[in-house]
Amino acid sequence: MDRYNFNLIEEKWQKSWEINHSYKTQIDKNKKKFYVLEMFPYPSGKIHMGHVRNYTIGDVLARYKLMQGFNVLHPMGWDSFGMPAENAAKQNNLDPKIWTEKNIEIMKKQLKRLGLSIDWDREISTCSPDYYKHQQKFFLELYDKGLVYRKENYVNWDPVDQTVLANEQVIDGKGWRSGALVERKKLNQWFFNISQFSDELLDGLDNLDKWPRKVKIMQQNWIGKSFGCEINFKLENCEKFKEIKIFTTRPDTLFGCSFLALSVDHPVAELFKDDPSFQKFKDNCTKTGTTEEALAQAEKLGFKTSLVAKNPFDETIKVPVFFANFVLMDYGFGAIFGSAGHDQRDLDFARKYKLDVLPVVKPFGHKGDLVIENEAYTGPGVIYNSKFLDGLKAPEESVLEAIKIIENKKLGKKKINFRLKDWGISRQRYWGCPIPIAYDDQNNIVKVPEKMLPVTLPEKINLNTKGNPLDHQKEWVEIKINEKKCKLETDTLDTFVDSSWYFLRFCSPQNKNYGYDIDDIKYWMPVDQYIGGVEHAILHLLYSRFFMQALNYKDDVFNLTEPFDGLFTQGMVCHETYKDENNNWLSPDEIFSKDGKEFFSIENNKKVQVGPSESMSKSKKNTIDPEKIINNYGADAVRLFIMSDSPPEKDVQWSTEGMEGSYKFIQKLWLLHKKFMEKIDNNEIGNFDEEITKYTNSLILKITNNLENFRYNVIIANFYEMYNFFNKKLNSPISKEILINNYYNILKLLNPFIPHFTSECFEEFSKFKKIDNSWPEVNKELLKNETVNLVIQINGKKREILSVKKDISENELLKMVNSNEKIKNFIINKKIMKKIFVPNKIINLIVK
RNA sequence: GCCCUCGUGGUGAAAUUGGUAGACACAAAGGACUUAAAAUCCUUGCCGCUUGCGGAGUGCCAGUUCGAGUCUGGCCGAGGGCACCA
């Protein structure tokens, strides 16, 4: 019997899909749409296993939805602006454009080799002027709407990448890409006013039922809404500043105020600008947060001023005013009051500078005074030491009451603060979308007129310059706008802008006039299922949500603010790590093993240390090249394996044994296919075996449910069971009709997972039955007649399992139980105290 | 420090709403076939008594329940997110 030749067969079908544009999609208003989108890749040069997993998950869904009769949009494109191209180009003296285009060509071939059901006619690339022209238009539109602005601000400066980073792109004080310690620098920057939509972005999360809870919580925390109050403290001894405004979430602890603390960037700092000791303190503060040590220590430091503030609730109470390193200018008002008894940080500060600590909340039922030593009391309780607030329940009653009093006395007002800050989008890099802005000779902002768009990047320039290469492009920078000489902005846009609207572009990829077409958007959007890594939980997903808000702002153009209806975050692909005796990483290709336990270096035969399994990364050399694996085992086998071992949302371990297992399984399925074909061909006369039809029917139900819930690993197990079932069954004669009808459905169930294989099988099978590409329906009548295994328990312990017809009555079952030999031993001479009967599940007899 | 998630055989994992724990695979050991190997197939979680059966068993300790991997409380451990956010 012939082996399954995946090389020939996969090539054959991929060619057929390509020539026929099998997955080309168009608007069809008679059909329900389904938009499947996986996060598009950066064209780094080669696809990796993470891509294989991501795109296979999406492809299974897309093919399943297609079979269900949906009009499926499943596009692919390239997130093709960004630093790696620029760095690679610098190193090899290339043009980033050429480098990128070459990579796209290679990766496109690799993706096609996976057999994905993608509408390649919709392919887009963000570095193409056809794409970023529209982005520039959006930029100007948002500028007109007041959602883009320029200001001088402290920025996160990445000294390695020589660029500015957004807050979201700084991780543990380091650049998300370079890993370099981020510095603080003051620069003129462009910003998107994302904080204007804080409330919308927060509230919108509530309606995203098909998003992982984890991601929603992360975004909630990032937006960081806090409810509190602004309070004005009068200064006793200052001519220039009469008041200091602070923000607090605990106005109810105001009587326990020990001090005021200000950021060193607070306007009041002006009073001390000539004081060298203050300057020294300030310099110390700016360093904090930029060195690793300082981050670890995080010592609370203060600079005591001569200023004295009066407690607004009782002006006879006076508190000192400090500058403190832990108060940030860009949150609240850059000033706080210290509630030493009820905030650990404030208490530490008060102890350090020997300030009074007056507790004003004590736990319920606590008698006498609360003694605060070195731990602040932050729990709930009763207010005391607070005159008119005494006796209130903290915090739920007391906070609201305190705010009411503060507002009545005009000492301040209710205030909601957000942690979310505006999105800095300027990057001092060449390989990004040019910002369509110029400056006249007065340095006024001049919009580049629409007819001059796109502002394209200059090509074939010298990238080995200090700082931004565009700064050195004198000819490119000089332009004329309305006969006026202007200079182009040389910063380019953060590449996260590119990916903030690409899902819209996929709906109208060829529209020359605008980024999208309203009719297309109204039909295709939102994305029904978005699939990608959880590492984008905040950055990309929040930015995309903002972009939808921004495009709809004021105009409400498509009456839709959430781009992604369903979100699925898949786990990573992991592999063991290996190190040689010098602690150098070794790749799986560089080692060998005789027994699968000990590993040796191929180079020098020396023993290799086996490390824990970690997510595949080039730096640890624990990667497996998908291309090689596909060449060895075929795309279907790889798809099957990457779906089989773990739930898609969890990390999966790459294992050669597992990969081989999937390959063998395909071969076994092929033999099963041949067996089916042979039996049908022989036209044998056999049993009209109803059990087979029932089995297939319940399999359809199981797999359909599992598909709806992304339980792909369980489906693969279902397939193995199916194989075992039929492999046995086919040893006995079965009627042709049963064989044809059941095998037809089995092939359909397999199709989303191993499409090349099933296409080939279908082609052979089509001589027996006309093929349609529909998902099999569950026959509900058949489900009713099933037999079920019913568990018999005595005193809660399983004693017997009876196979009975579905929906058996309690009495009927009891008859069987009483006559069962095994059970008799347990109930003989005993009294049945209680019977618990759960239909089709269990009967539990309590005996004594 | 705060927030979230997860703890099931040697391994990856199954177990719709509380109702057969370990499906399905990987690995290892034993066995069958073979001159031999590969391939293939069968058996095997633990503790007892030979088979069959009985007992314990889902990180630990309690609780609710006829019945808990699943629910509640406490503890331990792992992973992830945020971090001077007032």
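Letters go in sequence order (proteins before strands), and every chain restarts at 1. Only this structure's heavy atoms are used, side chains among them; waters, hydrogens and symmetry mates stay out.
The interatomic distance linking A:Asp645 (CG) with B:rU11 (C1') rounds to 10 Å, in whole Å. The distance from atom NZ of A:Lys841 to atom P of B:rA21 is 14 Å, rounded to the nearest whole Å. Across the protein-nucleic acid pair, A:Tyr663 atom OH and B:rU40 atom C1' stand 16 Å apart, rounded to whole Å. Whole-Å rounding puts the A:Lys650 NZ to B:rC6 C1' distance at 8 Å. The separation between A:Asn718 atom CG and B:rC24 atom P is 11 Å, rounded to whole Å. Between the CD1 atom of A:Ile842 and the P atom of B:rG67 there is a distance of 12 Å, rounded to whole Å. Per the geometry, CH2 belonging to A:Trp654 stands 15 Å off P belonging to B:rA27, to the nearest Å. Atoms OH (A:Tyr723) and C1' (B:rU40) sit 10 Å apart, rounded to a whole Å.
Open room surrounds NZ on A:Lys214; 12 or fewer heavy atoms of other groups in view lie less than 6.0 Å from it. For A:Glu375, the CD atom is loosely surrounded, since the number of other residues' heavy atoms within 6.0 Å does not exceed 12.
A:Arg351 contributes no side-chain N or O that, together with a main-chain N or O of A:Asn374, makes up a donor-acceptor pair within less than 3.5 Å. Of the possible donor and acceptor atoms, one in the side chain of A:Gln667 sits under 3.5 Å from a partner among the backbone N and O of A:Tyr4. Checking side-chain atoms of A:Asn232 against main-chain N and O of A:Gly412 turns up no donor-acceptor pair under 3.5 Å. Remark: the backbone N or O of A:Ile624 is not paired with any side-chain donor or acceptor of A:His575 at under 3.5 angstrom. In this structure, A:Tyr578 contributes its side chain and A:Ile591 its backbone to no donor-acceptor pair below 3.5 Å.
Between A:Val791 and A:Val714, the residue anchored nearer the 5' end of RNA chain B, judged by the nucleotide with its closest heavy atom, is A:Val714.
In summary, A:Lys835 and A:Glu810 do not engage in a salt bridge, as defined by a charged side-chain N under 4.0 Å from a carboxylate O.
Of the candidates B:rG19, B:rC82, B:rA14, the closest approach to any side-chain atom of A:Ile836 belongs to B:rG19. Of the listed nucleotides (B:rA13, B:rA23, B:rC84), B:rC84 has the atom at the smallest distance from the side chain of A:Phe326. Side-chain proximity of A:Ser646 to B:rG12, B:rG19, B:rC41: nearest is B:rG12. Here B:rC85 is the nucleotide among B:rC24, B:rC85, B:rG81 with the atom lying nearest to any side-chain atom of A:Arg345. For A:Ala717, the side-chain atoms get nearest to B:rA23 when compared with the rest of B:rA25, B:rA83, B:rA23. Checked against B:rA23, B:rA13, B:rC66, the side chain of A:Ile846 finds its nearest nucleotide in B:rC66. Listed candidates were B:rC84, B:rC4, B:rU20. Nearest to the side chain of A:Asn789 is B:rU20.
No side-chain donor from either of A:Asp645 and A:Asn713 sits under 3.5 Å from a side-chain acceptor of the other. Checked by atom type, the side-chain pair A:Ser195/A:Asp422 shows a donor-acceptor distance below 3.5 Å.
B:rG18 and B:rG67: their C1' atoms are spaced 8 Å apart (whole Å). When the C1' atom is used for both B:rU65 and B:rG19, the distance is 12 Å, rounded to whole Å. Taking atom C1' on both B:rG79 and B:rU20, the two are 33 Å apart, rounded to the nearest angstrom. Of the C1' atoms belonging to B:rC61 and B:rA68, the separation is 15 Å, rounded to the nearest Å. Between B:rA15 and B:rG22, the distance separating the two C1' atoms is 9 Å to the nearest Å. Comparing the C1' positions of B:rU40 and B:rC33 gives a spacing of 9 Å, expressed to the nearest Å. Rounded to the nearest Å, the gap between the C1' atom of B:rA39 and that of B:rG54 is 41 Å. The gap from the C1' atom of B:rC2 to that of B:rU17 amounts to 34 Å, rounded to the nearest Å.
Residue A:Asp346 is out of contact with every strand shown, counting any heavy-atom pair closer than 4.0 Å. Across all strands, A:Lys664 comes closer than 4.0 Å only to sugar-phosphate atoms, never to a base (heavy-atom distances). As judged by a 4.0 angstrom heavy-atom cut-off over every strand, A:Gln653 is placed among residues making no nucleic acid contact. Among the atoms of the strands shown, only primed sugar atoms or phosphate atoms (P, OP1, OP2) are found under 4.0 Å from some heavy atom of A:Lys668. In this structure, A:Phe247 reaches the bases: a heavy-atom distance under 4.0 Å links it to at least one base atom across the strands shown. Using a 4.0 Å heavy-atom cutoff across all strands shown, A:Val652 reaches no nucleic acid atom at all. Within 4.0 Å of A:Lys835, counting heavy atoms only, lies no atom of the nucleic acid at all. Residue A:Asn724 is classed as a sugar-phosphate contact, given heavy-atom separations below 4.0 Å to backbone atoms only.
Within residues 792-806 of chain A, the residues approached by RNA chain B to less than 4.0 Å at the level of any non-hydrogen atom are A:Gln793, A:Lys797, A:Lys798, A:Arg799, A:Ile801, in residue-number order.
Side-chain N/O atoms of A:Asn713 include one lying less than 4.0 angstrom from OP1 or OP2 on B:rA14. Within the 4.0 Å cut-off from OP1 or OP2 of B:rA25, not a single side-chain nitrogen or oxygen of A:Tyr720 is found. The side chain of A:Ser226 places an N or O atom within less than 4.0 Å of a non-bridging phosphate oxygen (OP1 or OP2) of B:rA86. The phosphate of B:rU16 has neither OP1 nor OP2 within less than 4.0 Å of any side-chain N or O from A:Arg711.
Under the 30°/60° scheme for interplanar angles, the aromatic rings of A:Phe259 and A:Phe349 are found to be tilted. Relative ring orientation between A:Tyr723 and A:Phe665 is described as perpendicular, the plane-to-plane angle rising above 60° on a 0-90° scale split at 30° and 60°.
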Encoded 5' to 3' (Watson-Crick or G-U under 3.5 Å; [ ] crossing; | other strand), RNA chain B becomes (((((((..(((......[....))).(((((.......))))).((((..))))...(((((..]....))))))))))))....
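Between A:Phe323 and A:Phe281, the distance separating the two ring centers is not shorter than 6.0 angstrom.
Annotated as syn: B:rG9, whose O4'-C1'-N torsion sits within 90° of 0.
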